[in-house]
Novice: 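This is the structure, below, for whatever I ask next.
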Amino acid sequence: MKYFKEFLYSAFSGVISLILVNLFGFYMGVNLTVSYINSAVSFLLGIPGVTALLVLENFIF
């Protein structure tokens, strides 16, 4: 049960961070759209997943 709560906290924080980056990313000069793949990555990996998406989308491609 402890691991399930930790997973839910990580998933919730990842989804919230994806939404915040989508809303306020324009002011920072980054763009990250909310799509099925980005939502799944942020849900499964949390904040490190959103960070990885930002690096991949804005700095590598």
Novice: Above 12 or not: heavy atoms from other molecules or residues under 6.0 Å from CZ of Phe7?
Specialist: yes
Novice: Grab the two heavy atoms, one from Val50 and one from Ser17, that are nearest each other, plus how far apart they are.
Specialist: CG2-OG, 3.3 Å
Novice: Would you mind writing out the side-chain donor-acceptor pairs for residues 27-49 within the sub-3.5 Å range, not counting sequence neighbours?
Specialist:
residue, atom, partner, partner atom, Å
Ser35, OG, Asn38, N, 3.4
Asn38, ND2, Thr33, O, 2.8
Ser39, OG, Ser35, O, 2.7
Ser42, OG, Asn38, O, 3.2
Ser42, OG, Ser39, O, 3.0

Novice: With sequence neighbours left out, write down each residue that passes side chain to side chain contact (heavy atoms under 4.5 Å, CB included) with Ile19, or none if nothing qualifies.
Specialist: Val15, Leu23
